[in-house]
Amino acid sequence: MDKILFVQTGTGIDVHGQNITKAAVRAVEDAILSNSMPGIEQSLPEQSLENMKVNVRLAVPLDRQQLDKEEVKKVIPFGSAKVELTDGGMATSSGIILEEENDENDLMYIVNAAVEVGY
């Protein structure tokens, strides 16, 4: 990405089930769903949303190898997306194990996202 126009941040949590992808998708949704960028097209090359690039950086506490980057990319509505992982986030006790929620243990996963939009 040559030029960053916006950076949006968010947090996503999977309280039960220890699904790192679910927490990551929620973090990206938290970052982008309450934002509007009405002037973005005029700032992009050829004034086209097709030329928008999105870098998604995720701070992930555990189970990196289980994170489905393609599922995370589906949350991005326009342009081309790239997903990068870094250490971070948090895994902490939810205080209870719920078998009906597919819990393997009492951990909840917390993922932080930084979503850069530019070209």
Side-chain angles (χ1 to χ4, degrees):
M1 182 178 307
D2 294 326
K3 182 144 180 107
I4 296 174
L5 301 172
F6 299 96
V7 178
Q8 304 154 309
T9 61
T11 300
I13 304 169
D14 183 32
V15 178
H16 295 287
Q18 297 76 46
N19 185 321
I20 200 67
T21 300
K22 186 183 291 185
V25 164
R26 289 175 175 169
V28 174
E29 289 174 340
D30 183 51
I32 69 171
L33 287 181
S34 59
N35 294 292
S36 178
M37 299 182 292
I40 188 74
E41 280 185 279
Q42 288 77 26
S43 300
L44 295 172
E46 300 173 21
Q47 297 185 341
S48 171
L49 291 175
E50 295 297 318
N51 294 320
M52 182 171 67
K53 293 182 182 177
V54 181
N55 289 338
V56 177
R57 288 199 176 94
L58 299 170
V60 179
L62 297 170
D63 297 340
R64 280 180 142 188
Q65 69 283 2
Q66 295 177 16
L67 194 142
D68 185 341
K69 291 181 179 180
E70 294 306 312
E71 282 300 309
V72 173
K73 288 179 184 180
K74 289 179 184 178
V75 178
I76 305 301
F78 302 105
S80 61
K82 181 174 87 170
V83 176
E84 299 175 32
L85 304 181
T86 187
D87 292 335
M90 178 183 280
T92 189
S93 175
S94 68
I96 190 170
I97 297 173
L98 299 176
E99 291 180 18
E100 64 272 17
E101 295 292 331
N102 300 316
D103 275 344
E104 296 177 10
N105 53 54
D106 73 335
L107 290 179
M108 70 169 104
Y109 289 173
I110 303 169
V111 173
N112 299 108
V115 179
E116 300 171 342
V117 177
Y119 58 91

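Just so we're clear, the structure is a prediction, and the values are computed from it rather than from any experiment. FYI, side chains are in, hydrogens and waters are out, and symmetry mates aren't considered; it's all heavy atoms of this structure.
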What about L67 and V15, same hydrophobic cluster or not, with Ile/Leu/Val/Met/Phe/Trp/Tyr joined at side-chain heavy-atom distances under 4.5 Å?
no

Return the minimal non-hydrogen interatomic distance between G95 and S93, and the atom names on each side.
N-OG, 2.9 Å

For the student: nearest non-hydrogen atoms of D87 and R64, plus distance:
N-NH2, 3.3 Å

Within the distance-only criterion (no hydrogens, no angle test), does the side chain of T9 pair as donor or acceptor with the backbone N or O of A114 below 3.5 angstrom?
no

For P61 against A59, the heavy-atom pair lying closest together:
CD-O, 4.1 Å

Take L62 and L107, measure what side chain to side chain contact (heavy atoms under 4.5 Å, CB included) needs, and give me the verdict at the end.
CA-CA 10 Å; L62 297 170; L107 290 179; 3.9 Å; yes

With a 4.5 Å cut-off on side-chain heavy-atom distances among I, L, V, M, F, W and Y, is there a chain of contacts connecting V54 to L85?
yes

Can you check side chain to side chain contact (heavy atoms under 4.5 Å, CB included) on I96 and H16, steps first, answer last?
CA-CA 9 Å; I96 190 170; H16 295 287; 3.6 Å; yes

For the atom pair OG (S48) and OH (Y119), what is the distance rounded to the nearest 0.5 Å?
13.5 Å

Does E50 CD have over 12 foreign heavy atoms under 6.0 Å away?
no

Answer yes or no: does atom CD of E84 have more than 12 heavy-atom neighbours from other residues, nucleotides or ligands under 6.0 Å?
yes

Donor-acceptor pair, side chain of D103 and main chain of G17, under 3.5 angstrom:
yes

Among T21, D14, D63, find the residue that satisfies the side-chain hydrogen bond (donor to acceptor under 3.5 Å, both in side chains) test when tested with Y109.
D63

Does the pair F78 and I40 meet the rule for a side chain to side chain contact (heavy atoms under 4.5 Å, CB included), with working shown?
CA-CA 11 Å; F78 302 105; I40 188 74; over 6 Å; no

With sequence neighbours excluded, residues passing salt bridge (charged side-chain N to carboxylate O under 4.0 Å, His left out) with K69:
none

How long is the straight-line distance from CG of N19 back to CG of N102, given to the nearest 0.5 Å?
9.5 Å

CE/M37 to CG/L49 distance, rounded to the nearest 0.5 angstrom?
8.5 Å

Mind checking whether V7 and V115 sit in one hydrophobic cluster, side chains of I, L, V, M, F, W, Y counted as touching below 4.5 Å?
no

Specify the closest pair of heavy atoms between M1 and K53, including all atoms of both residues, with the distance to one decimal.
CE-O, 3.4 Å

Out of curiosity, does V60 fall in the hydrophobic cluster containing M108 (side-chain heavy atoms, cut-off under 4.5 Å, transitive links)?
no

Closest non-hydrogen atom pair between Q18 and N105, with its separation
NE2-O, 3.2 Å

Do I110 and V72 land in one hydrophobic cluster if side-chain heavy atoms of ILVMFWY residues count as linked below 4.5 Å?
no

Mind checking salt bridge (charged side-chain N to carboxylate O under 4.0 Å, His left out) for E116 and listing every partner two or more places apart, or none if nothing turns up?
R57

Report the C-alpha distance between L5 and L44 in whole Å, list the side-chain angles of each, state the deciding distance to 0.1 Å, and finish with yes or no for side chain to side chain contact (heavy atoms under 4.5 Å, CB included).
CA-CA 9 Å; L5 301 172; L44 295 172; 4.3 Å; yes

I20 and Q66 have their tightest heavy-atom pair at CG2-C, 4.0 Å

Side-chain donor-acceptor pairs under 3.5 Å in residues 23-31, sequence neighbours left out?
{"unit_1": "R26", "atom_1": "NH1", "unit_2": "I13", "atom_2": "O", "d": "2.8"}
{"unit_1": "D30", "atom_1": "OD2", "unit_2": "T11", "atom_2": "N", "d": "2.9"}

Taking atom CD of E99 as the centre, report whether more than 12 heavy atoms of other residues, nucleotides or ligands fall under 6.0 Å from it.
no

